[in-house]
Amino acid sequence: MAVLDPDKEIPQHIAIIMDGNGRWAKARNLARRDGHRAGAESVEQCLKACGDLGVKYLTLYAFSSENWKRPEAEVTALMGLLAQFLKEKTPSLMRNNIRLQVIGHLARLPLKNQKQLQDSIAKTAQNDGLTLIVALSYGSREEIVDAAKRLMEEAKAGTINPADLNTETFSRYLYTAGTPDPDLLIRTSGEFRVSNFLLWQISYAEIVITETLWPDFRHDHLVDAIAEYQRRHRRFGGL
Ligand code: IPE
Ligand code: IPE
Ligand code: MG
């Protein structure tokens with residue numbers, strides 16, 4: 001495991017594209033859902049590591065707007081695992097002072113999941129340690145279009161002047177309003193793409209791609225990714 005540099009900052013916000021559950025299962029002759037189930041343990045480890053390291057925000061890409069295209073049985077299995085995770089882990093979110101938030105088109109989720117999410121969000125709303133943001137039925141292009149629609153409505157109603165719109169005001173219309181942009185984006189399973197995740201927000205994120213499949217991702221892999229982040233020189237277009 002890499003060693004973190006105490007003189008360098010820990011990313012305030014880490015976003016993770018949790019990929020490779022299916023390949024993990026296939027390599028073991030297991031069903032894809034077993035891979036997704038195994039991935040829940042990785043989520044738990046990441047939460048603990050982020051809490052210990054003082055990361056303030058962790059955004060996890062759990063289900064994309066495009067993942068609805070998957071076979072119904074897999075979608076049902078994923079929603080079942082989400083329900084199980086919330087039921088089992090909400091007490092530990094409370095114990096660990098973690099606040100839960102979600103981003104995405106939640107209305108597309110089964111009602112049971114929506115209800116459970118609302119309950120866990122309300123229960124953890126006052127926690128002020130790590131904020132865990134789960135992207136569910138999330139697509140960044142939809143998010144940007146939703147923002148544009150709301151802005152157009154407000155312009156029509158005369159409550160906003162198009163001439164006053166800038167990147168800062170626009171970002172307040174995104175699902176992530178109020179959350180600082182990710183500093184570090186991690187994608188597991190060696191895929192070099194963004195898959196419609198936080199397109200606006202990752203403009204200046206440092207990207208770390210690891211070959212590790214999500215169900216194998218452990219505390220040490222997260223530390224390795226942060227160490228790599230600490231070796232980067234962020235310039236934000238300056239010198
Ligand atoms: C990520 O693992 C989980 C979701 C997208 C829900 P995958 O299911 O995409 O796993 P691979 O990419 O097929 O291995
Ligand atoms: C991205 O993974 C979505 C999540 C991790 C939830 P996918 O496996 O769906 O992405 P593609 O299809 O490989 O781009
Ligand atoms: Mg995948």
Side-chain angles (χ1 to χ4, degrees), residues 11-18 36-37 39-65 67-68 75-140 142-147 149-151 153-154 159 169-183 196-198 200-202 214 222:
Q12 174 179 217
H13 183 173
I14 299 177
I16 308 183
I17 303 175
M18 310 184 289
H36 297 311
R37 187 183 299 117
E41 172 62 25
S42 306
V43 171
E44 176 116 47
Q45 292 228 353
C46 269
L47 282 172
K48 171 122 191 24
C50 284
D52 292 348
L53 292 165
V55 173
K56 291 302 291 175
Y57 299 89
L58 174 68
T59 300
L60 297 177
Y61 203 5
F63 193 85
S64 75
S65 48
N67 288 149
W68 291 112
V75 172
T76 304
L78 282 162
M79 295 306 150
L81 287 167
L82 171 65
Q84 193 184 335
F85 183 88
L86 289 169
K87 184 161 178 257
E88 286 173 7
K89 305 296 178 201
T90 302
S92 111
L93 297 181
M94 290 308 293
R95 274 198 306 280
N96 293 295
N97 195 23
I98 298 170
R99 173 170 67 152
L100 176 70
Q101 295 182 344
V102 287
I103 51 173
H105 259 201
L106 298 190
R108 277 187 86 177
L109 298 181
L111 278 176
K112 179 185 165 181
N113 293 93
Q114 291 185 42
K115 168 92 186 49
Q116 236 186 342
L117 282 164
Q118 280 157 9
D119 286 351
S120 297
I121 290 166
K123 207 174 265 173
T124 62
Q126 303 307 322
N127 293 344
D128 60 2
L130 174 70
T131 298
L132 166 65
I133 302 158
V134 185
L136 282 166
S137 189
Y138 173 87
S140 189
E142 282 93 330
E143 176 184 32
I144 292 168
V145 170
D146 281 350
K149 276 188 190 156
R150 281 174 50 211
L151 279 159
E153 291 296 342
E154 292 198 18
T159 52
T169 44
F170 190 89
S171 68
R172 283 191 232 137
Y173 287 78
L174 297 170
Y175 306 153
T176 51
T179 303
D181 288 341
D183 303 293
N196 203 12
F197 188 46
L198 302 176
W200 171 284
Q201 297 88 340
I202 60 168
W214 179 249
L222 186 75

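From a predicted model like this one, the values you see are computed outputs, not experimental measurements.
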Worksheet entry | Test applied, side chain to side chain contact (heavy atoms under 4.5 Å, CB included); reference residue, P182; option that passes from L198, I14, L58, T176 |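 Going through the options one by one, the only one that passes is L198.
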Worksheet entry | Pair S140, W200: side-chain N/O donor-acceptor within cut-off below 3.5 Å |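 No donor-acceptor contact under 3.5 Å links the two side chains.
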Practice prompt. Run the numbers on H13 and D181 for side chain to side chain contact (heavy atoms under 4.5 Å, CB included), then give the verdict.
Written response: CA-CA 7 Å; H13 183 173; D181 288 341; 5.8 Å; no
How long is the span from the [atom1] atom in [X] to the [atom2] atom in [Y], to the nearest 0.5 Å?
{"X": "C50", "Y": "Q45", "atom1": "SG", "atom2": "CD", "answer": "11.5 Å"}
{"X": "N96", "Y": "E44", "atom1": "CG", "atom2": "CD", "answer": "8.5 Å"}
{"X": "S42", "Y": "I16", "atom1": "OG", "atom2": "CD1", "answer": "9.5 Å"}
{"X": "L106", "Y": "Y138", "atom1": "CG", "atom2": "OH", "answer": "12.5 Å"}
{"X": "R108", "Y": "F63", "atom1": "CZ", "atom2": "CZ", "answer": "8.0 Å"}
{"X": "K112", "Y": "L82", "atom1": "NZ", "atom2": "CG", "answer": "9.5 Å"}

Show the nearest heavy-atom pair for residues [X] and [Y], with the distance to one decimal.
{"X": "Y173", "Y": "A147", "result": "O-CB, 3.5 Å"}
{"X": "Y61", "Y": "M18", "result": "O-CE, 3.3 Å"}
{"X": "L100", "Y": "T124", "result": "N-OG1, 2.9 Å"}
{"X": "L109", "Y": "S137", "result": "CD2-CB, 4.3 Å"}

Worksheet item: Would you find a donor on one side and an acceptor on the other, under 3.5 Å apart, between the side chain of T159 and the backbone of E154?
Response: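 Confirmed, T159 side chain pairs with E154 backbone.
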Worksheet entry | Flag, side chain of N196 to backbone of G139, donor-acceptor distance under 3.5 Å |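 Not a single qualifying donor-acceptor pair exists.
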For a 4.5 angstrom cut-off between non-hydrogen side-chain atoms, does [X] reach [Y]?
{"X": "T59", "Y": "T179", "answer": "no"}
{"X": "F197", "Y": "S64", "answer": "no"}
{"X": "S120", "Y": "Q116", "answer": "no"}
{"X": "W214", "Y": "V43", "answer": "yes"}
{"X": "Y57", "Y": "Q12", "answer": "yes"}

Worksheet entry | Non-neighbouring partners of Q101 that pass side-chain hydrogen bond (donor to acceptor under 3.5 Å, both in side chains), sequence neighbours left out |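 side-chain hydrogen bond (donor to acceptor under 3.5 Å, both in side chains) check on Q101 returns nothing, list empty.
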Discussion item. Restricting to salt bridge (charged side-chain N to carboxylate O under 4.0 Å, His left out), what partner residues turn up for D119, sequence neighbours left out?
Written reply: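 Listed in chain order: K115.
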Discussion item. Side chain to side chain contact (heavy atoms under 4.5 Å, CB included) for V75 and N67? Distances and angles first, verdict last.
Written reply: CA-CA 8 Å; V75 172; N67 288 149; over 6 Å; no
Worksheet item: How far apart are the C-alpha atoms of L47 and L93, what are their side-chain angles, what is the distance that settles it, and do they pass the side chain to side chain contact (heavy atoms under 4.5 Å, CB included) test?
Response: CA-CA 9 Å; L47 282 172; L93 297 181; 4.2 Å; yes
All N/O donor-acceptor pairs, side-chain side in residues 126-133, below 3.5 Å, sequence neighbours left out:
from	atom 1	to	atom 2	distance (Å)
N127	ND2	I98	O	2.9
D128	OD1	N97	ND2	2.8
T131	OG1	R99	NE	3.1
T131	OG1	R99	NH2	3.0

Discussion item. Side chain to side chain contact (heavy atoms under 4.5 Å, CB included), that's the test. Do E143 and D146 meet it? Break it down for me.
Written reply: CA-CA 5 Å; E143 176 184 32; D146 281 350; 5.7 Å; no
